[in-house]
Amino acid sequence: MKKIILIAGPSGAGKTTISDYLNEKYGIPRVLTHTTRPMRPGEKQNFSYHFETDESFKTLHFFEHIRYGSYQYGSSREALNLAWKKSDLVSLIVDIKGVYTYLKQLGNKVYFLYVTTSTKEELKERLLKRGDDPEKIKERVSGSELNLLPEDLKEYAHILVNDNLSETKSKLDSIVSRLEE
Ligand SMILES: Nc1ncnc2c1ncn2[C@@H]1O[C@H](COP(=O)(O)OP(=O)(O)OP(=O)(O)O)[C@@H](O)[C@H]1O
Ligand SMILES: Nc1nc2c(ncn2[C@@H]2O[C@H](COP(=O)(O)O)[C@@H](O)[C@H]2O)c(=O)[nH]1
């Protein structure tokens, strides 16, 4: 059965790192989404995201889309189907609003992985090290941008505390082997 590992959690928790690991070790493709935010150093067009202008974003048809901070993000059903053509197991990174949409629309095809860290300090340090603007970091680690796990999503969430990357990788290995059964 086709499945989607839906990855959500605070900025800096390690969602992209996890999605990259799943791709590199298991060939689990990431469903590419669209954003109007500028590229970070190391990101690539049509690899990290489809980077869009405000104008090009408006012309697209999304399954769901959000505004996060000053930028827009959106995912399409076409991109999901394209990834599912390559593999029955795919991953997708979304915010908490996106989790509600995917759970509602795709039900038991979704394996919801909520990634977090033990402390907010760790998130801030990682984002600083990544080179994020300190003002943006403040916004991302507070309020709705923090992407805390809401009470009503707890029953669907598989919580992964990514404090230590090698432990995280071994937990991911177990998750993949269960999902591939
Ligand atoms: N377990 C870990 N220990 C230390 N650093 C980590 C760990 N996991 C990820 N990182 C580093 O933390 C930074 C943030 O990770 P990543 O970009 O994967 O987070 P994210 O959740 O995708 O963030 P965002 O939502 O802002 O895109 C990266 O520089 C990454 O290399
Ligand atoms: N609901 C959606 N959320 C998305 C999508 N693409 C990314 N995201 C989430 O946005 C924030 C910010 O991402 P960043 O790359 O600027 O750090 C983060 O929570 C992502 O999970 C999408 O298509 N839909």
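For reference, positions follow the sequence shown, starting with 1. Note that ligands are numbered from 1 as they come in the structure, with each ligand's atoms numbered from 1 the same way.
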Heavy-atom contacts with [X] under 4.0 Å: which atoms of ligand 2 show up? List them by number with element.
{"X": "I93", "result": "4 (C), 5 (C), 6 (N), 7 (C), 8 (N), 21 (O)"}
{"X": "T33", "result": "5 (C), 6 (N), 23 (O)"}
{"X": "G98", "result": "1 (N)"}

Inset, instruction - Answer with yes or no whether the side chains of Y26 and D173 bring together a donor and an acceptor at under 3.5 Å. - result: yes
Inset, instruction - Compute whether any side-chain donor of one residue and acceptor of the other, for Y21 and T168, lie under 3.5 angstrom apart. - result: no
Residue pair [X] / [Y], side-chain heavy-atom distance below 4.5 Å:
{"X": "L128", "Y": "I137", "value": "yes"}
{"X": "K97", "Y": "Y68", "value": "no"}
{"X": "S11", "Y": "L123", "value": "no"}
{"X": "R126", "Y": "N162", "value": "yes"}

[X] atom [atom1], over 12 foreign heavy atoms within 6.0 Å:
{"X": "K171", "atom1": "NZ", "value": "yes"}
{"X": "K85", "atom1": "NZ", "value": "no"}
{"X": "K129", "atom1": "NZ", "value": "no"}
{"X": "Q45", "atom1": "CD", "value": "yes"}

For [atom], tell me which residue out of [options] has the closest non-hydrogen atom.
{"atom": "atom 27 (O) of ligand 1", "options": "R37, K15, E145, R40", "result": "R40"}
{"atom": "atom 3 (N) of ligand 2", "options": "N147, D95, L146", "result": "D95"}
{"atom": "atom 17 (O) of ligand 2", "options": "R140, R130, R37", "result": "R140"}
{"atom": "atom 26 (O) of ligand 1", "options": "A8, G131, S11, G9", "result": "S11"}

Checking a contact table here: which protein heavy atom is nearest [atom], and how many Å away?
{"atom": "atom 30 (C) of ligand 1", "answer": "T17 OG1, 3.6 Å"}
{"atom": "atom 24 (N) of ligand 2", "answer": "E64 OE2, 2.7 Å"}
{"atom": "atom 12 (O) of ligand 1", "answer": "R126 CD, 3.3 Å"}
{"atom": "atom 23 (O) of ligand 2", "answer": "G74 C, 3.0 Å"}
{"atom": "atom 19 (O) of ligand 1", "answer": "G14 N, 3.2 Å"}
{"atom": "atom 18 (C) of ligand 2", "answer": "K15 CE, 4.3 Å"}
{"atom": "atom 23 (O) of ligand 1", "answer": "G12 N, 3.0 Å"}
{"atom": "atom 15 (O) of ligand 2", "answer": "Y49 OH, 2.5 Å"}
{"atom": "atom 22 (O) of ligand 1", "answer": "T16 OG1, 2.6 Å"}
{"atom": "atom 28 (C) of ligand 1", "answer": "R130 CD, 4.3 Å"}
{"atom": "atom 1 (N) of ligand 1", "answer": "N162 OD1, 2.9 Å"}

Inset, instruction - Among K15, R30, K3, find the one that has a side chain to side chain contact (heavy atoms under 4.5 Å, CB included) with S91. - result: R30
Inset, instruction - State plainly whether the residues R178 and E181 are in salt-bridge range, i.e. N to O under 4.0 Å. - result: no
Legend entry - Basic-acidic side-chain contact under 4.0 Å: R37, E43: yes
So if I count the atoms of ligand 1 from 1 in the order they appear, which ones are less than 4.0 Å from some heavy atom of [X]?
{"X": "P10", "value": "21 (O)"}
{"X": "D163", "value": "1 (N), 3 (N)"}
{"X": "L165", "value": "1 (N)"}

Legend entry - K97 near ligand 2 by a heavy-atom separation under 4.0 Å: no
Inset, instruction - Take every heavy atom of R40, measure it against each atom of ligand 2, and state whether any distance is under 4.0 Å. - result: yes
Legend entry - ligand 2 N/O within reach of V94 N/O, cut-off under 3.5 Å: yes
Legend entry - Contact partition for K129 relative to ligand 1, non-hydrogen atoms under 4.0 Å: neither
Inset, instruction - Record the part of I93 in heavy-atom contact with ligand 1 below 4.0 Å; permitted values are side chain, backbone, both and neither. - result: neither
Inset, instruction - For this output row, return yes or no: ring centroids of Y114 and Y156 closer than 6.0 angstrom. - result: no
Legend entry - Mutual orientation of the aromatic rings belonging to H65 and F62 [parallel < 30°, tilted 30-60°, perpendicular > 60°]: tilted
